[in-house]
Amino acid sequence: MLVVMSSYATEEEINQVLAAIQRHGYVAREIRGGERTAIGILQNRGPIDPAPFLLLPGVKECIPVSKPYKLVSREFDMVDTIIQLGDVAIGGDNFVLVAGPCAVESETQALTIAEAVKSQGASIFRGGAYKPRTSPYSFQGLGEEGLKILAKVRDETGLYIVTEALDHERCDLVEEYADIIQIGARNMQNFSLLNRAGEAKKPVLLKRGMAATIQEWLMAAEYIMAKGNPDVILCERGVRTFADHSRNTLDLSAIPVVKKETHLPIIVDPSHACGRRDQVIPMSRASVAAGAHGLMVEVHHEPEMALSDGPQALLPSQFTEMVEAILPILTDKQRARLLESRDQQAA
Ligand code: PEP
Ligand code: MN
């Protein structure tokens, strides 16, 4: 159950509720939101009677939560979370385009791709400075040098930056440079990293683990929110199946399910789902049609030279084609916004 405090509740009233929860033998977890404080009642074995808490001063309502995830659930917040980065809004009825290379390889590479995707209406630039690679002999990313290049991309283009934090230790550095901290599929249940991201003052893009159920994914998001970070963006990137005609299998049905279960935004990464550039445009169209709040797509101007994931990177001209292909599927408002930001770049 969640005890939601009124926005006028005093510290003393909050402390009284915490004490009352403990007196009843439960564990209380305080969650400070932007407008109000909620207190989760944890470790209850059965249903909780809200009566003793409802009557306490400062309490607005008690919400029974039937799901194992609480803060991420629709029961906690019926209104879609909208994450704002300057004038870029993620969630609700907004649509966001995130694009860039798999890995930051050089300043020239990053800036060339950033200019290309920006000209087509992308507002967030992606690129790994720390890469989770299957082989220890593969390119591992440029590290802090890559982060500095990303900062330069932001300075020169005005694009916001999303980049992966591979581990707890380097999360400080990523938080310092990035606008959004990415947690990759392989780390979706790295609980120490999730806890660290929960303490971050930046939004977190949480990829779905490659064999994770939606419940496990939402529980991972719950870790981040429970530590106090309300800004979590979910990213569907395909799951492992028996199919071998694509790198992973894009689980399109995750989009409506996630939108029903949680107020958090969900975007789709068709690049890692497909693993081949010829599948990326059709799957982008399908993701938009299924209601995704955005797309995250890998783009490279010289994919045959890419140090990682070249086969799935769209050429800049194909990224332009992709934008043209999704335009008719977007809502009128989303289309107008995307065209507006594209026109602004062209002007
Ligand atoms: C990435 O987006 O750079 C990445 C490594 O993706 P994933 O974690 O989904 O494999
Ligand atoms: Mn990649």
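Every number for a ligand or one of its atoms is a count from 1 in the order of the listing.
- Per-residue contacts place G184 under 4.0 angstrom from the following atoms of ligand 1 (heavy atoms of the residue considered): 8 (O).
- Here is the list of ligand 1 atoms found below 4.0 Å of a heavy atom in K207: 1 (C), 2 (O), 4 (C), 6 (O), 7 (P), 8 (O), 9 (O).
- Remark: the backbone N or O of L314 is not paired with any side-chain donor or acceptor of R277 at under 3.5 angstrom.
- With ligand atoms numbered from 1 in the order given, ligand 1 contributes 7 (P), 8 (O), 10 (O) to contacts under 4.0 Å with heavy atoms of R186.
- Using a cutoff of 4.0 Å between basic side-chain nitrogens and carboxylate oxygens, R196 and E175 are scored as salt-bridged.
- At a 4.0 Å heavy-atom cut-off, ligand 1 does not touch M210 at all.
- The option with the heavy atom closest to atom 2 (O) of ligand 1, from among K131, E164, R126, R133, is R126.
- The ligand atoms of ligand 1 that sit less than 4.0 angstrom from a heavy atom of R237 are 7 (P), 9 (O), 10 (O).
- The distance between the ring centers of F191 and Y223 falls below 6.0 angstrom.
- Only protein N, O or S atoms were scored, and 4 of them lie under 2.8 Å from the Mn ion (ligand 2).
- Among protein heavy atoms, the minimum distance from atom 4 (C) of ligand 1 is reached at H272 NE2, 3.5 Å.
- Looking only at distances, a side-chain donor or acceptor of E222 sits under 3.5 Å from a matching main-chain atom of K70.
- Atom CG of residue L97 and atom CG of residue L338 lie 5.5 Å apart, to the nearest 0.5 angstrom.
- Side-chain atoms of E13 and Y8 include no donor-acceptor pair closer than 3.5 Å.
- A donor-acceptor pair shorter than 3.5 Å can be found between the side chains of H272 and D309.
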Step by step, would you call R247 with Q312 a side-chain hydrogen bond (donor to acceptor under 3.5 Å, both in side chains)?
CA-CA 9 Å; R247 181 175 177 179; Q312 70 194 31; 2.7 Å; yes
Working for salt bridge (charged side-chain N to carboxylate O under 4.0 Å, His left out), residues K152 and E107:
CA-CA 8 Å; K152 180 135 198 210; E107 191 176 308; 2.9 Å; yes
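- In summary, the side chains of K118 and Q345 do present a donor paired with an acceptor at a separation below 3.5 Å, with no hydrogens or angles considered.
- Closest to atom 8 (O) of ligand 1, if we only count protein heavy atoms, is A185 N, 2.8 Å.
- Every atom of ligand 1 with a heavy atom of Q182 under 4.0 Å away is listed here by number and element: 1 (C), 2 (O), 3 (O).
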